[in-house]
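What follows is one structure encoded as structure tokens, with my remarks underneath.
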Amino acid sequence: MMGSETNSFGFSQELRLLSAKQFSFVFADANRIGNKAFTVLFRKNGQTHPRLGLAIAKKQVKLATGRNLIKRKIRESFRLNQHRLPAVDFVFMVRRDINHMDAKAIDDALAHVWRKTRKLCENY
RNA sequence: UUGGCUGGCUGGGCAGUCGCCGCUUACUUCGGUAGGGGGAGGAAAGUCCGGACUUCGCAGGGUAAAGUGCCAGGUAACGCCUGGGGAGCGAAAGCUCACGGCAAGUGCAGCAGAAAAUAUACCGCCGAUGGCGUUUGUGAAAACGGACGAACAGGUAAGGUUGAAAUGGUGCGGUAAGAGCGCACCGCGCUUAUGGCAACAUAAGUGGCAUGGUAAACCCCACUUGAAGUAAGACCAAAUAGGGAUCCUACAGGUGUGACCCGCACUGGAUCCGGGUAGGUUGCUUGAGCUUUGUGGCGACGCAAAGCCUAGAAGAAUGACUGUCCCAGACAGAAUCCGGCUUACAGGCCAGCCAAAUUU
RNA sequence: AGGGGUGUCGCCAAGCGGUAAGGCAACGGGUUUUGAUCCCGUCAUUCGUAGGUUCAAAUCCUGCCACCCCUG
């Protein structure tokens with residue numbers, strides 16, 4: 001069942017939010033999910049696939065290595081789960097508590113976000 | 001072997017699967033597909049210095065401002081590095097040092113202390129010399145002399161409890177008391193000689209102490225510096241607004257350069273046309289490059305030859321998962337590029353040196 | 001990425017080489033029947049931190065740390 005029409009688990013340009021306009025579109029009228037690690041905004045995009053945008057603030061995560069690590073984690077998880085997600089645009093923002101979390105806790109937080117999104121979108 | 005010092009290297013390895021960003025080759029229905037190959041650091045960091053590169057009117061003169069500060073060398077350049085000198089620390093190997101000038105000028109030093117920069121007043125010491133007082137000797141008297149006293153003139157800077165710092169130090173002589181007043185040694189200054197490119201060192205002579213401290217106080221001396229920064233800038237170009245180039249005239253005023261002055265450019269009129277915001281392309285990686293060998297130099301480093309191409313993004317790429325091995329992986333992520341400095345850093349490896357103990 | 005600035009008591013701050021002002025707040029006491037007001041007293045051994053210069057540093061110099069602002 002997974003990946004019935006597209007077998008690829010790639011992460012190309014179409015799956016990302018690229019311009020400021022696309023980000024503004026999400027911010028203008030967004031649904032909000034939160035947990036310990038993230039605040040996630042999402043909005044239906046009218047396409048056949050979901051898209052991902054990242055907004056990892058320097059204020060929340062000080063070190064560049066730390067920010068890179070978080071972005072990689074999110075992208076990786078999104079890449080592997082992309083075919084189970086509804087066609088919405090995501091914008092991920094981080095909370096300060098993420099500094100004290102290990103890799104496994106961040107994975108759990110991401111799984112929580114994907115589950116919650118699916119549930120909310122079924123109600124549309 | 002233990003402890004210490006110095007210099008350098010390294011910064012998890014291997015295999016598989018799924019992904020990301022350039023390059024290159026082939027195919028292509030021009031969307032892509034397949035193969036090959038590459039893809040963070042020693043600090044990529046702080047932005048503290050120095051350059052390259054680019055633009056501004058091409059940076060000329062003077063002032064101001066800022067920086068550097070023993071000497072010599074290295075370098076594209078430096079506030080960096082190397083070697084040397086001096087001072088300090090250490091038993092040693094070795095380490096540390098903003099290390100020009102207060103005998104050009106000005107300023108500053110609370111409290112305490114006699115006094116804080118002027119060698120003089122005060123306390124004190126002396127009172128030899130001169131005068132004064134008392135007493136006494138000689139003498140007829142004038143006068144002359146002796147002893148004692150006060151501290152009037154005067155001499156003196158030895159001593160004076162302080163302080164961060166007190167006007168060369170110690171000893172001997174000397175004296176009324178004292179004093180570089182004299183002498184010896186030490187310190188300091190000056191002169192000469194020798195060694196050294198020089199900083200400086202050594203020796204001899206000489207002065208009789210002059211030159212207290214503070215320039216990370218103003219300052220003086222020597223040397224250096226135009227400014228901004230790749231979001232610099234260049235090119236292609238929807239929109240919108242009116243400007244731009246060339247020639248001529250004027251030199252008053254205004255505007256412009258990192259601050260000011262000089263200097264310089266522009267502003268006026270006539271003639272002729274294209275302009276440049278969003279967005280895109282470029283700048284963008286071959287470079288004071290790396291490796292090896294030889295060679296000159298104590299060394300930093302230079303020279304020569306051969307070989308190599310080693311990230312270039314634009315929401316921003318190196319990761320995730322699984323297995324396995326070990327000592328269980330620190331600090332940390334390129335954004336124009338180099339040379340340094342500074343700061344962070346689990347551990348591991350190599351070389352040289354010093355000390356102690358032991359063994360041969 | 002580049003450029004600029006600020007750190008002094010719980011808060012707002014002055015001081016810029018010689019003993020760290022002041023206000024608010026807090027605490028203790030007085031006045032008052034009680035409260036408010038008012039009055040008196042207490043409150044900084046290391047001025048963000050580590051060194052250096054000086055006899056003496058919050059102040060001068062150097063290196064770090066934290067926070068804030070500007071350009072786009």
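Worth knowing before you read on, the calculation uses all heavy atoms, side chains too, and leaves out hydrogens, waters and symmetry mates. Every value quoted in this text rests on a predicted model; they were computed, and no experiment measured them. Numbered from 1 within each chain, the chains take letters A, B, ... in sequence-line order.
Between the CG atom of A/Leu52 and the C1' atom of B/C20 there is a distance of 13 Å, given to the nearest Å. If you measure from atom CG of A/Leu69 to atom P of B/G333, you get 12 Å, rounded to the nearest angstrom. With rounding to whole Å, A/Leu63 atom CG is found 12 Å from C/C65 atom P.
Straight-line distance between the C1' atoms of B/A43 and B/C48: roughly 16 Å, to the nearest whole Å. On the P atoms, B/A278 is 15 Å away from B/A234, given to the nearest whole Å. A distance of about 10 Å separates the C1' atoms of B/C5 and B/A92, rounded to the whole Å. As rounded to the nearest Å, B/G352 and B/C188 have C1' atoms that lie 45 Å from one another. Taking atom C1' on both B/A232 and B/A227, the two are 13 Å apart, rounded to the nearest angstrom. Comparing the P positions of B/A91 and B/A355 gives a spacing of 14 Å, expressed to the nearest Å. Nucleotides B/C337 and B/G41 place their P atoms 14 Å apart, quoted to the nearest Å. Remark: the separation of the C1' atoms in B/G213 and B/A164 is 10 Å, to the nearest Å.
For the OP1/OP2 pair of B/C321 and a distance below 4.0 Å, the side-chain nitrogens and oxygens of A/Arg79 include no atom meeting the criterion.
No contact: A/Arg67 has no heavy atom under 4.0 Å from any strand.
Shown here, B/U310 is classed syn by the O4'-C1'-N9-C4 or O4'-C1'-N1-C2 angle, which is within 90° of 0. Glycosidic conformation of B/U118 is syn; the angle stays within 90° of 0. Classification of B/U285 as syn follows from a glycosidic angle within 90° of 0. Taking 90° from 0 as the syn/anti boundary, the base of C/G48 is oriented anti. Within 90° of 0 lies the glycosidic angle of B/A40, which makes this nucleotide syn.
Between A/Arg51 and A/Asp89 there is a salt bridge, since at least one side-chain N of the basic residue sits less than 4.0 Å from a carboxylate O of the acidic one. Looking at A/Glu76 and A/Lys73, no side-chain N of the basic residue comes within less than 4.0 Å of a carboxylate O on the acidic one, giving no salt bridge.
For the pair A/Phe42/A/Cys121, a side-chain contact is recorded, criterion being any heavy-atom separation below 4.5 Å from C-beta on.
Put simply, CZ on A/Arg32 and CE on A/Met93 are 5.5 Å apart, with the number rounded to the nearest 0.5 Å. For the atom pair OG1 of A/Thr39 and CZ of A/Arg95, the computed distance is 4.5 Å after rounding to the nearest 0.5 Å.
Donor-acceptor pairing under 3.5 Å, judged by distance alone, is present between the side chain of A/Arg72 and the base of B/G333.
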Footprint string (nucleotides 41-46 of chain B, 5' to 3'): B base within contact, S backbone only, - free, heavy atoms under 4.0 Å:
------
List the steps and the verdict of side-chain contact (heavy atoms from CB on, under 4.5 Å) for A/Phe38 and A/Ile98.
CA-CA 8 Å; A/Phe38 305 105; A/Ile98 202 166; 3.8 Å; yes
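B/A45: Watson-Crick or G-U partner is B/U342, with both key distances under 3.5 Å.
Between A/Asn68 and A/Lys73, the one whose closest nucleotide on RNA chain B sits nearer the 5' end is A/Lys73. Nearest-nucleotide assignment on RNA chain B puts the 5′-proximal partner with A/Ala55, out of A/Asp107 and A/Ala55.
For A/Asn81 (side chain) and A/Arg84 (main-chain N/O), no donor-acceptor pair under 3.5 Å exists by modelled atom type.
Among the nucleotides B/A317, B/A320, B/G19, the one closest to the side chain of A/Phe11 is B/G19. Set against B/G19, B/C21, B/A317, the side chain of A/Arg16 has B/C21 as its closest nucleotide.
Centroid-to-centroid, the aromatic rings of A/Phe92 and A/Trp114 come within less than 6.0 Å.
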